[in-house]
Structure formats: C-alpha cells, structure tokens
Amino acid sequence: MRYLLFFFMMGSLSKLQGQFEHTYTPIQITEDLPAELLDNVRQKTLMETASQVDSLNSTDAIEFYAYSNFALNQTLWSGNVYFHDEIGQYLNRLVDYLLRDDPMLRGSIHIYATKLLSPNATCFRDGSIFLNLSLLPYLENEAQLAYILSHEISHFQLKHSLEQFKKGKELKNQEAWEENDSEKLLEILKYGREQELQADLAGLNRILLSDYDASESLQALKRLQLIDFTPSYPELDLKALFQLPELPIEPSSIYFLNKSSPLYSKADNDRQRSEEETSDSTLSTHPSIELRIEKLAEKLTNEKEIKGESFIFFDSAEFRRIQLISIFERVEKLSNRTLYVQALYLALRLAEDWPENQYLQEKAATSLFWLAYYAKQKNRDSILPPKINPAEVPFDILSNTFHYMSVEEYLDLGQAFVLHRLEKFPDSEQLMILKARMYELRSNREKSIESYHTYLQTYPSGNHAPFARHKINTYTE
Amino acid sequence: MKIPFLFWLLPLILSSCIGTSSGLWIEANPAFREENQQIKKIILIDPDLILFEDYSSRENMILDQEIKEGNILTILKKNALLAKIDLEIYSPVSLKKNQITYFNYLLPLKEKLLQANFHQEISTKRRRGGIISPVSSNRVFEEQIILDSDLSWLKEEYNTKYFMIMGLIGNKNTKVFRTYYQNLYFIILLDIERAEVMYREVRKFNAKHNPGELNGVLFDSFNLIKKLK
C-alpha cells in the first residue's frame with residue numbers, strides 16, 4: 001500500500017504536461033539491445049580475473065567476479081530494466097554533469113532506470129547503477145535526485161562491493177565460522193551500514209563541487225523518511241473516485257466508509273515517527289535515516305561556514321516530466337503484476353488530473369474486469385491486498401470494500417465502468433474487448449458475440465483480433 | 001535463467017513434490033486433446049535452467065551455466081523435432097541484438113503467464129482449506145487459466161498460437177555415502193489466440209543431467225504434448 005502514497009507526496013502536478021493529456025504509451029525498447037546485455041558471464045569473469053587490480057588471489061577473484069557478473073546479468077535480463085529510454089538518457093545527463101571533471105570515472109558508470117516497485121537505487125561492482133523509478137516521486141527536485149545518484153557513484157568509487165567481499169572472507173577465514181554464525185553476519189551488516197554513511201558523505205562532497213544546492217542533499221534523505229510514513233488524507237469518496245453516474249455497490253459493502261472515526265491525525269503520525277526513531281538498526285543493511293541526516297547536516301554546516309555563499313537551485317520542468325512518466329510506468333507495472341486494486345487506485349487518482357487520458361481509463365477498466373473475474377472464480381483473496389483494520393487511508397478503504405463486495409457487485413461495477421468509459425472513448429480497442437469479455441463473464445453470449453463483432457468491424461487487424469475471431473468461431477460452432 | 005520468476009511457480013512445483021521421489025503430473029484444457037496433433041510450432045520463452053549438480057563451488061556452476069544452458073537447448077530442439085514440433089527458443093543464451101520483441105512482448109507475456117498460473121491455481125488451492133496438495137496425475141483443468149488477450153496478435157507475428165515456458169531444476173545431494181540427483185521439470189503451454197493455458201506438465205525424476213537421461217525425459221514430454229488423448 002505504501003507504494004501508492006508517493007503519488008500524494010508530489011503535490012499538485014502541472015497540467016501543462018501535454019504528453020499525458022490524451023493517452024500514455026508505456027516505454028518500450030526501440031533500438032538494438034545494448035552491447036553489455038550480450039556479455040558472456042564466463043568470458044567476462046575469466047578476463048577480469050586475469051587482468052584484475054583488486055589484489056585478490058585467483059580463487060577469490062573468480063568467486064568475486066563470477067557472483068557479481070552473474071547478479072548483474074540476472075538484473076539486466078530480468079525484464080525490469082529499461083534500455084535506451086528517455087529516463088535513462090536524463091539520468092545519464094545528470095551523471096555527465098556530476099562527473100564532468102572526471103572522465104575516467106564517468107566512463108565506468110552505466111546508469112539504468114528499472115520498473116521495480118520498491119523505492120530504491122543499487123550500485124553494482126562494475127559501476128552499473130540501477131535506479132528504481134518508484135524512488136522518483138518521493139523526491140522534490142533534480143538536486144535531490146543528483147544527490148541520490150552521487151551517493152551511488154560513491155559506492156562504486158570507494159569499491160564498497162570489493163571491501164564487503166573482503167570483509168566477508170576475513171570473517172569466514174576466522175575460526176568457527178558457520179553459515180548461520182549470527183554474530184559474524186551482524187558484523188557484516190554493521191560494516192555495510194558504515195559504508196552507507198561513507199557514501200552519504202562522499203556523495204555530498206561531489207554535490208558541493210556542483211552548482212546544485214547542497215542543502216537539497218539533506219532534504220533528499222528527509223524525503224526518504226516518507227517511504228515508511230503514512231500521511232493524513234481526506235476521506236475517500238468512492239463515487240467521486242469512479243466517476244460513475246450511479247455507483248453499483250450496496251451501502252452494506254462500503255463498510256468502512258460509514259464509520260466516522262478520524263483519519264490519521266498528527267498525533268498518530270508523531271507516534272509512528274517516534275516508533276521508527278527508536279527502532280533498532282542492528283539487523284538493517286542501512287543505518288537509520290535519522291543518523292544519516294545528522295551526519296550529513298553536520299558536514300553541511302561546516303562546509304557552508306567555509307564557503308559562505310548561497311547555492312544555485314535547479315528545478316527543471318524535465319525533472320517533473322520524468323517523475324510523471326515514472327508514475328504512469330508504475331500503473332503499467334502494477335497491472336502486469338496483477339496488483340489490480342493498486343493499479344486501479346493509482347489510475348483513478350491520476351485520472352483526477354488527466355480526465356481525458358484514455359490509457360488510465362483502460363487500465364482502471366482492465367483492473368475491474370480482472371477483479372470481477374477472480375471474484376466470480378471465488379478466488380479473489382488471491383489478488384486482493386489483505387484486510388486492514390482499522391482502515392483509515394483511502395487505499396485501504398477501497399481495498400477493504402472489495403473484500404466486502406458480492407460477486408454481483410463486482411460484475412455490476414466492472415460492467416458499468418467499462419460501458420461508461422466506452423461512451424467517452426468509443427475507439428478504445430481495450431475497452432471494446434473488455435465490454436465483450438464482461439458480457440462473457442456474465443454468461444451473456446449474445447451480447448458478447450455482438451461486441452466481438454463490433455470490435456472486429458472496427459479493428460480487423462487489431463491486437464485482439466485473433467482472440468475475437470476465435471471467440472466468435474467457438475460460439476457459433 | 002531468471003531466478004525471480006521461479007517464485008511464481010512455487011505452487012506448481014510444491015504441488016508435485018510432496019511425499020514423492022519421482023512422478024509425472026499433467027493437466028490439460030479439454031480443447032487441447034482435440035487439437036494437439038496439429039501442433040507444428042512452439043515458441044519457448046526464456047527457459048529456467050538451474051543445475052546445481054556436479055560442482056564443487058557455486059562460482060564454477062555460474063561459469064558453466066551458459067554452456068550447460070546451450071547444451072540443454074540443443075537437446076530440447078532435437079527432441080521437439082522428433083515429435084515433429086519446430087521449437088523456436090528465445091533465451092538470453094541465443095538472443096540476437098535486434099530481437100527487441102523479446103523484452104517488449106515475450107518477457108511480459110511470461111510474467112503474465114506465471115502470474116495467471118500462480119493466482120488461478122484454483123483446484124489445488126481449494127484442497128485442504130488452502131494448503132497445496134499433490135494434484136492427480138492426469139486430469140483436465142477444472143477451470144481454465146485465462147490471460148489478457150492484448151498479445152493475441154503475436155500469433156501472426158510468430159506464425160503459431162502456441163507459446164511455452166519451461167524449467168529444469170536439478171540438484172545433487174549426498175547422504176551416507178550415497179549420491180542422489182533430484183530434478184524437477186515443468187512446462188506450461190499457452191494458446192495465445194484463446195488466451196488460455198492448454199497444457200501443464202510437471203515431472204520429478206532422479207537422474208544425472210547427462211544427454212541420455214535428458215533425451216528420454218524430453219522425448220517423452222514432447223510426445224505427450226503431441227499425442228495426449
């Protein structure tokens with residue numbers, strides 16, 4: 001659920017983004033696959049082992065390079081990485097600027113955006129940096145993003161992967177090492193946390209050499225606190241959310257909407273924050289955000305005193321656009337991962353700002369179709385998020401509502417939504433097919449065939465055409 | 001080889017593993033038995049091949065992975081051909097740099113297929129109050145496993161409506177001076193035109209991954225696809 005909250009962190013989004021006004025086309029690869037994708041793990045490992053400068057013995061070298069090359073290969077081939085895309089190009093321009101005075105280091109950094117749903121960034125041993133698009137909406141401006149990238153570059157520059165490998169080996173070579181030796185594992189985690197603090201400070205040093213406002217580095221870390229933070233919301237109005245003339249859900253299903261308990265209050269937020277502050281970071285790979293902020297603030301104060309000057313602040317329209325693309329891409333990923341309630345909610349909330357965007361309505365309708373399908377198969381628990389009690393934020397309320405709806409209500413809601421949106425977007429291939437499939441789900445064969453025929457008349461070579469033809473043939477046999 | 005994908009196969013794998021050392025489980029869409037003899041071409045997407053056997057260390061396993069994968073893919077193609085099936089394989093081992101549809105459509109299709117397989121594993125989930133138990137050895141799907149139809153156009157692009165995912169996971173265990181080779185093999189065959197899973201097969205067998213053993217298993221598997229009645 002928390003992954004949806006960032007949408008509201010962004011504040012009001014500029015409606016001047018024409019790219020999103022009428023539809024959205026998810027990012028695809030349009031050029032040849034990049035050369036690094038076709039690297040052979042074996043050859044690369046043996047070559048690196050032969051020419052290594054990392055002072056490892058040959059056994060350790062093979063182990064270190066084989067694992068890291070394998071992990072990199074897995075990530076690149078996972079289907080979650082964008083190649084030659086607009087966001088990657090933008091990120092590369094930022095890195096070009098950050099490393100403008102260090103062409104050798106710049107040549108080692110390869111930066112990619114990924115579709116992964118957790119807000120995070122990762123640096124590999126060879127300088128490959130993966131930034132999950134889910135992180136972007138948490139940030140407020142380009143300077144904060146530049147700091148995140150600078151932090152990751154520092155991991156590479158300081159050879160943190162290698163150092164961690166050596167630390168692991170050192171502990172392993174000590175007596176009485178066992179795979180489940182918790183004390184030594186905790187020591188490795190502690191070492192990793194120290195590396196994070198090093199990367200924080202080294203990252204800030206690089207930002208101080210740029211024209212970015214260095215105080216935004218501190219803000220970037222503060223924004224990361226929001227990842228685990230539940231903000232206050234206005235109450236959810238389901239009718240307003242679905243934008244239907246009549247909402248075909250009985251009041252008895254809208255269980256949580258009728259209760260008058262207050263939404264998250266400031267006191268709740270403070271309590272949550274306080275619980276997080278006192279949480280133990282012993283088992284964490286990262287130090288607490290509070291500690292990181294404290295260390296960074298200390299460094300920043302000293303630097304400002306020395307420099308005694310104000311900083312230039314970048315706030316590019318391009319950053320906002322990239323942020324928006326990342327949210328639209330998230331709708332796509334949520335839908336592909338069958339996280340239908342999440343995809344539905346995000347699509348409908350985005351549609352409040354872009355009511356004419358066909359893509360969002362198609363994604364919402366697709367989610368409703370599948371929710372209805374699983375409900376009819378008596379298998380909805382498989383795809384619904386768990387019930388939250390008490391449900392006090394809109395997404396949880398919507399999600400709980402789906403737990404209480406009857407199968408008929410699912411079907412009514414899905415069908416009403418598809419038909420209503422089809423009136424607005426009569427040329428939508430997806431909505432036309434969903435109309436036919438909704439009738440099929442309701443066992444209305446006649447209407448279903450009629451809808452498949454209508455689709456084929458409009459799109460004889462459409463994406464769904466073989467499917468529609470097959471359905472008609474099956475029904476008329 | 002994409003280890004993260006395997007998570008979505010856990011119900012399928014577990015359902016066939018409980019309390020057995022070897023076996024064969026197949027499930028088919030009723031329509032499949034009427035048309036399987038006509039299958040001429042199958043597109044195999046990103047087979048998951050994980051072979052832990054015969055390696056003193058995992059790094060050596062990693063170094064040999066691509067070679068082993070290449071060898072298994074050759075055996076796969078050969079046995080498919082014996083069943084008169086043209087098996088077209090799209091995997092990191094064999095991909096060319098201009099084959100961008102792999103990322104744009106085939107991998108997303110694999111993800112959707114795994115998700116549908118995971119969430120619509122209805123008949124096994126219903127048993128024992130949600131605890132997964134072994135499925136019967138040969139049955140029809142009680143309810144069809146269906147997908148979005150937005151990729152049905154791939155039928156024309158690839159000149160076949162059959163798309164498949166498969167996996168072979170092998171492990172070696174030594175207990176009291178005896179060595180056991182355990183293997184799990186699965187395939188899921190999709191009819192992209194129907195947007196429905198047509199056939200699913202899981203095998204568990206104890207054998208080394210030498211070409212002779214694999215030949216036998218794969219020959220039998222492709223013959224079942226073609227001749228199941």
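Lettering follows sequence order; numbering is per chain, from 1.
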I need the [X] [atom1] to [Y] [atom2] distance, nearest 0.5 Å.
X	Y	atom1	atom2	result
B:E66	A:Q43	CD	CD	8.5 Å
B:H119	A:T338	NE2	OG1	3.0 Å
A:S461	B:W153	OG	CH2	13.0 Å

[X], part contacting chain B, at a heavy-atom distance under 4.5 Å:
X	answer
A:I29	both
A:F83	side chain
A:Y374	side chain
A:L37	side chain

Return the minimal non-hydrogen interatomic distance between [X] and [Y], and the atom names on each side.
X	Y	value
B:Q115	A:N336	CG-O, 3.9 Å
A:Y373	B:Q120	OH-OE1, 3.5 Å
A:F467	B:R194	CE1-O, 3.4 Å

Contacting region of [X] [heavy-atom separation from chain A under 4.5 Å]:
X	value
B:I146	both
B:I67	side chain
B:L147	backbone
B:D148	both

Specify which of A:Q430, A:E429, A:R437, A:K471 makes the most heavy-atom pairs with chain B at under 4.5 Å.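 Answer, by heavy-atom pair count under 4.5 Å with chain B: A:R437.
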As an exercise: rank A:T474, A:N40, A:T45 by heavy-atom pairs under 4.5 Å with chain B and give me the winner.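 The option with the most such pairs is A:N40.
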Would A:W77 and B:F103 count as a close aromatic pair, with their ring centres under 6.0 Å? yes
Is a donor from one side chain sitting under 3.5 angstrom from an acceptor on the other, for A:H464 and B:S152?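 No donor-acceptor contact under 3.5 Å links the two side chains.
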Chain A shares the most heavy-atom pairs under 4.5 Å, among B:K96, B:E156, B:K161, B:E193, with B:E193
More than 12 heavy atoms from other groups under 6.0 Å of NZ on B:K40: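 It does not: B:K40 NZ has 12 such atoms or fewer within range.
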Are the side chain of B:D150 and the backbone N or O of A:N463 linked by a donor-acceptor pair below 3.5 Å? no
Considering only NZ, NE, NH1 and NH2 on the basic side and carboxylate oxygens on the acidic side, decide whether B:E111 and A:K333 come within less than 4.0 Å.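 A:K333 and B:E111: salt-bridged.
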